[in-house]
Amino acid sequence: MAHQTQVRVRMAPSPTGPIHVGNLHTALFNWLFARSQDGVFILRFEDTDQERSKPEWEEVIYNEMRWLGLDWDEGPDIGGPYGPYRQMERLDIYERYAKRLLESGHAYYCYCTPEELDAERAEARKKGVGYLYSRRCLHLSEQQRAAFESEGRRPTIRFRVPDGEIVSFEDIIRGEIKTSTDDMSDPIIVRSNGIPTYNFAVAVDDIEMRITHIIRGEGHISNTPQQILIYQALGVEPPIIAHVGHILGADRTKLSKRHGDSFVGDYRDKGFLPDALLNFMALLGWSPPDGSEEISRERMIKEFTLERVSKAPSIFDLKKLEWLNGYYIRSMSIDELTQACIPFLQRAGHLPDDLSGVDMERLKEIVALSQERIKVLSEINDMSDFFFGPPKYDPKSVKKTLTSQGRQVLMTLEKELADTPWEPDALEAAVRGVADRLAIKAKDAFQPLRVAITGSLVSPPLVESMKILGRETCLERIRQGIALCESKS
RNA sequence: GCCACCAUCGUCUAGAGGCCUAGGACGCCGCCCUUUCAAGGCGGUGGCGCGGGUUCGAAUCCCGCUGGUGGUACCA
């Protein structure tokens with residue numbers, strides 16, 4: 001077998017906030033590709049936007065990546081052979097590359113002010129043509145430059161886009177994409193403060209870090225020709241490129257903060273499981289050959305190929321995520337699920353912070369009764385609240401069941417259950433017996449009892465819940481239920 | 001405005017010229033199971049944006065249109 005160079009891909013977020021669902025999508029595809037190819041997954045922070053980048057976000061991003069189980073092989077925290085992995089620590093590298101471009105005539109200094117540039121843009125807009133920088137700084141003499149400098153103007157560096165050429169690249173997902181350089185304005189690659197702009201820094205980093213495949217969102221398609229031109233000017237073969245479709249909100253626009261719940265952390269806090277979230281995200285724009293929906297991390301890695309990634313954008317469908325999450329919850333062992341629910345129960349005040357006094361066996365029984373009833377972990381709270389304190393009587397449920405007939409049922413049950421063996425089967429038989437004796441349907445006996453015990457018409461299985469609650473508590477709640485009947489009538 | 005990308009059920013998708021009377025999944029609806037709600041089982045609803053080509057044959061290829069999205073920054 002021929003030796004192939006090792007696949008190297010990267011996730012390059014800017015530390016300007018937590019991980020967004022869109023970031024996760026492309027990060028996942030990069031990670032899956034790396035893992036499927038025995039490649040290297042690199043984490044790099046693109047922090048050249050000094051205004052918005054904050055070091056605090058880095059820690060948040062690490063934590064979320066760890067929560068998701070997306071591990072990286074090189075990064076700012078663990079280093080690697082091509083570091084540093086934070087762009088602001090690589091300024092000398094960009095400077096070197098910029099110098100090369102300047103010397104080879106592929107770049108030039110530009111002294112235009114933002115105001116002057118705005119005017120040019122306004123002019124182009126007025127004429128209804130695409131904006132192209134006027135290039136009035138392309139051929140500045142030493143004297144002209146000195147004059148600008150003495151005015152106190154600090155230059156940017158622009159890349160000189162060649163005239164009359166077609167830039168073309170083969171996108172693995174989309175096929176050939178061509179752009180005419182005549183439609184491209186000379187981009188600023190280094191700001192007047194010496195910090196490189198995105199398109200330049202990315203190209204330099206991807207070269208320096210030996211990136212073999214760029215997998216990113218389709219929003220970057222329009223940046224690609226610029227970057228290809230930079231590669232060409234530097235005499236470097238560009239990596240293989242793949243643009244994945246965006247993820248859209250229900251309004252069909254690119255998912256963003258505006259849509260709410262667009263951060264990974266939002267889903268973590270609601271009780272979505274990382275495996276479910278990853279499974280769901282993988283299915284947005286990709287599907288395994290056999291069409292399976294529930295697919296483990298291992299299988300995703302095994303079956304992932306860029307060839308199967310679709311180019312169309314996709315809408316984030318919360319309902320499907322919830323279904324998948326429910327599937328994963330149902331697949332967990334009771335021990336695992338209980339552990340996963342504990343933080344949510346604590347946050348709701350159902351469990352103390354210090355778990356040493358908690359009856360874990362009882363807790364597991366409670367969780368087990370809710371397992372196939374919850375779609376997200378946080379739902380454990382509403383589903384099982386009556387185990388942790390007095391029931392919250394739902395007015396509608398009370399009105400419907402705690403009627404005069406309900407009162408009769410509960411009063412009979414109070415006596416009956418006083419000495420029924422406290423086991424689910426016996427309890428069920430007892431309730432049915434009462435229904436028979438009263439000549440009513442079993443349902444009409446169970447429902448008032450359910451409301452008295454749990455507070456609601458909707459609850460986990462009743463007799464199993466009563467078993468956990470114990471006789472005294474249940475009898476007390478039945479009396480409470482009777483009282484509610486009386487206060488009504 | 002200009003440039004680019006995209007286009008199969010409501011949603012995620014399968015589909016790489018005949019296997020398509022377009023398959024699966026989520027959702028929705030109905031039935032079964034059942035002490036509630038779920039879960040599970042069974043069934044149903046529902047789609048190739050439009051118009052031209054190419055071809056014996058098009059969801060699949062080409063062109064146009066329409067629609068959507070993205071970019072158009074000394075943001076990334």
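When the nearest nucleotides of RNA chain B are assigned to A:G219 and A:I315 by heavy-atom distance, the more 5′-ward of the two goes with A:I315.
Taking 4.0 Å as the cutoff to heavy atoms of chain A, we find the contact window on RNA chain B bounded by B:G1 to B:A76.
Here, B:A76 and B:C62 have their P atoms 37 Å apart, quoted to the whole Å. When the P atom is used for both B:A39 and B:G1, the distance is 48 Å, rounded to whole Å. For the P atoms, the distance linking B:A58 with B:G53 amounts to 12 Å, nearest Å. A gap of 16 Å separates the P atoms of B:C28 and B:G10, to the nearest Å. Rounded to whole Å, the separation between the P atoms of B:A22 and B:C48 comes to 11 Å.
With respect to A:E120 and A:R136, a salt bridge is recorded, a charged nitrogen being found less than 4.0 Å from a carboxylate O. Taking a cutoff of 4.0 Å between a charged side-chain nitrogen and a carboxylate oxygen, A:E56 and A:K54 do not qualify as a salt bridge.
A:D444 comes within 4.0 angstrom of nothing in the nucleic acid, heavy atoms only. Using a 4.0 Å heavy-atom criterion, one finds that A:R330 contacts the sugar-phosphate atoms exclusively. A:V463 comes within 4.0 angstrom of a nucleotide base, judged by non-hydrogen atoms across all strands.
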